[in-house]
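A short write-up of the structure that comes next.
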Amino acid sequence: MTGDGVYVYAIVRAGSPLPVDATGVGSPAAPLRAIRQGRIAAVVSEAPPNLRARRRDLLAHQDLLLSLSEQGSVLPMRFGMVASDEEAVRGQLKVREADHVAALEHLTGGVEVNVKALPAKDALASLMAEDKTVRRLRDEVRRRPGYEASLRLGEAVSAALESRAAEAGRRVLRELTPRARAVAPGPEVQGCVLNASFLVDRDGSDAFRTTAERFGRTHRDRVELRLTGPLPCYSFVSGEGTPTRAIGV
């Protein structure tokens with residue numbers, strides 16, 4: 001152990017094997033170990049000094065979580081979670097054991113897929129064909145060019161593109177929700193009209209993505225969909241009671 005504490009990657013079922021050749025954060029990479037408490041265990045390593053969100057460490061954290069999730073359900077920790085020592089980890093595991101067991105059961109066989117929706121690019125032609133107000137403002141600019149007229153047209157185009165994308169985002173949310181075990185709204189992202197994560201069966205993740213991609217193609221004149229995953233189930237794990245504190249990220 002070092003004075004920098006214990007870096008916590010995830011909580012798993014007790015007895016779950018660690019991925020072969022997997023390594024943790026730090027340079028050199030910290031060896032992994034499990035701290036067991038009852039029916040659960042925390043996957044940890046020594047916390048490196050001066051931990052920061054460097055690319056190498058971010059990737060090591062993410063890759064380990066993906067490897068763990070391939071072997072069973074995982075409660076993933078966000079990057080940069082450190083406990084003071086092993087006893088602190090064990091104490092928190094003991095306090096929250098029943099909750100963690102229930103969460104692991106809920107996530108069994110599941111993965112997370114994130115869907116973001118943005119206004120479509122190169123959609124001006126279809127917008128002009130559909131929106132009478134935008135066409136009228138465009139015609140006014142052609143008849144009487146000027147700053148104010150151009151400003152009104154630009155604002156109308158931007159608002160209309162966002163409105164069309166938002167409606168498509170609501171439609172894709174309705175279409176994808178029945179295909180998921182759970183849905184979690186994500187934080188607002190600039191430029192996005194939808195940011196949501198879906199808990200889906202690992203075996204059904206390809207079909208889920210196919211459905212979303214088909215929707216994106218069908219409505220490409222309205223919305224651009226960006227899919228990420230399969231991912232560890234970050235959005236479906238509560239941080240309450242975890243043996244952690246955030247480190248400079």
Side-chain angles (χ1 to χ4, degrees), residues 8-14 16 38-43 58 61-81 92-93 95-118 165-219 223-244 246:
V8 185
Y9 299 89
I11 296 170
V12 297
R13 290 186 174 90
S16 297
R39 295 170 289 170
I40 56 176
V43 179
L58 288 168
H61 182 99
Q62 179 83 344
D63 289 347
L64 174 58
L65 292 178
L66 289 172
S67 296
L68 287 169
S69 67
E70 290 175 357
Q71 299 178 176
S73 54
V74 174
L75 307 186
M77 299 293 106
R78 298 285 181 179
F79 178 86
M81 296 299 170
Q92 288 290 348
L93 291 178
V95 168
R96 302 284 294 176
E97 180 180 354
D99 292 337
H100 291 326
V101 169
L104 286 166
E105 183 65 28
H106 175 63
L107 296 179
T108 297
V111 294
E112 178 173 333
V113 178
N114 177 259
V115 179
K116 291 182 174 66
L118 302 87
E167 173 57 28
R170 290 188 289 270
R171 290 179 62 185
V172 74
L173 183 61
R174 291 195 298 269
E175 182 162 339
L176 294 178
T177 294
R179 293 169 169 79
R181 296 191 205 168
V183 183
E188 289 189 10
V189 176
Q190 185 175 6
C192 288
V193 297
L194 172 71
N195 177 24
S197 289
F198 298 81
L199 177 62
V200 301
D201 291 334
R202 178 181 292 278
D203 292 342
S205 62
D206 287 344
F208 180 91
R209 288 181 63 96
T210 297
T211 299
E213 290 166 353
R214 183 171 59 245
F215 183 98
R217 289 192 300 271
T218 303
H219 300 86
V223 69
E224 175 188 348
L225 294 185
R226 297 179 183 175
L227 277 68
T228 308
L231 299 167
C233 301
Y234 288 113
S235 300
F236 302 95
V237 176
S238 169
E240 181 182 359
T242 55
T244 60

For the residue pair C233 and V74, establish whether any side-chain heavy-atom pair is separated by less than 4.5 Å. no

Using side-chain heavy atoms (C-beta onward) and a distance below 4.5 Å, is R78 in contact with H61? no

Rounding to 0.5 Å, atoms CD (Q62) and OG (S67) come to a distance of 10.0 Å

A side-chain contact here means heavy atoms from C-beta on lying under 4.5 Å apart; do M77 and I11 qualify? yes

Check whether any side-chain heavy atom of S69 lies under 4.5 Å from a side-chain heavy atom of V111, and answer yes or no. no

Verify, without hydrogens or angle tests, whether R209 (side chain) and V113 (backbone) share a donor-acceptor contact under 3.5 angstrom. no

R202 to E70 - nearest heavy-atom pair and separation: NH2-N, 3.8 Å

Rounded to the nearest 0.5 Å, what separation is found between the CG atom of D206 and the OG1 atom of T211? 11.0 Å

Would you sort out whether H100 and R39 count as a side-chain contact (heavy atoms from CB on, under 4.5 Å), showing the intermediate values? CA-CA 9 Å; H100 291 326; R39 295 170 289 170; over 6 Å; no

Quick one: are Q71 and R13 in side-chain contact, heavy atoms under 4.5 Å? no

L66 and P230 have their tightest heavy-atom pair at CD2-O, 3.9 Å

Using every non-hydrogen atom in the two residues, find where V223 and A165 come nearest and quote the distance to one decimal. CG2-O, 4.1 Å

Any L64 side-chain heavy atom under 4.5 Å of V43 side chain: yes

Which donor-acceptor pairs under 3.5 Å do side chains of residues 181-195 form with protein atoms, sequence neighbours excluded?
| from | atom 1 | to | atom 2 | distance (Å) |
| --- | --- | --- | --- | --- |
| R181 | NE | D201 | OD1 | 2.8 |
| R181 | NH1 | H106 | O | 2.7 |
| R181 | NH1 | T108 | O | 3.2 |
| R181 | NH2 | T108 | O | 2.6 |
| R181 | NH2 | D201 | OD1 | 2.8 |
| N195 | OD1 | N114 | ND2 | 3.0 |
| N195 | ND2 | P187 | O | 2.8 |

Can you tell me how far the CG atom of L58 sits from the CG atom of D63, to the nearest 0.5 Å? 10.5 Å

Are any of the side-chain heavy atoms of Y234 and L65 separated by less than 4.5 Å? yes

Do you know the tightest heavy-atom contact between E97 and I40? CA-CD1, 3.8 Å

Measuring from atom CD of E213 to atom CZ of F208, what distance do you get when rounded to the nearest 0.5 angstrom? 10.5 Å

To check you understand the geometry: which heavy-atom pair defines the closest contact between P76 and V237, and what is its length? CD-CG2, 3.6 Å

Mind checking whether F198 and R179 have side chains closer than 4.5 Å, heavy atoms only? no

What salt bridge (Lys or Arg N to Asp or Glu O under 4.0 Å) pairs are there with at least one residue in residues 226-238, not counting sequence neighbours? E224-R226

To the nearest 0.5 Å, what is the distance between CG on L225 and NE2 on H219? 9.5 Å

Least distance between heavy atoms, L227 atom then A212 atom: CD2-CB, 3.5 Å

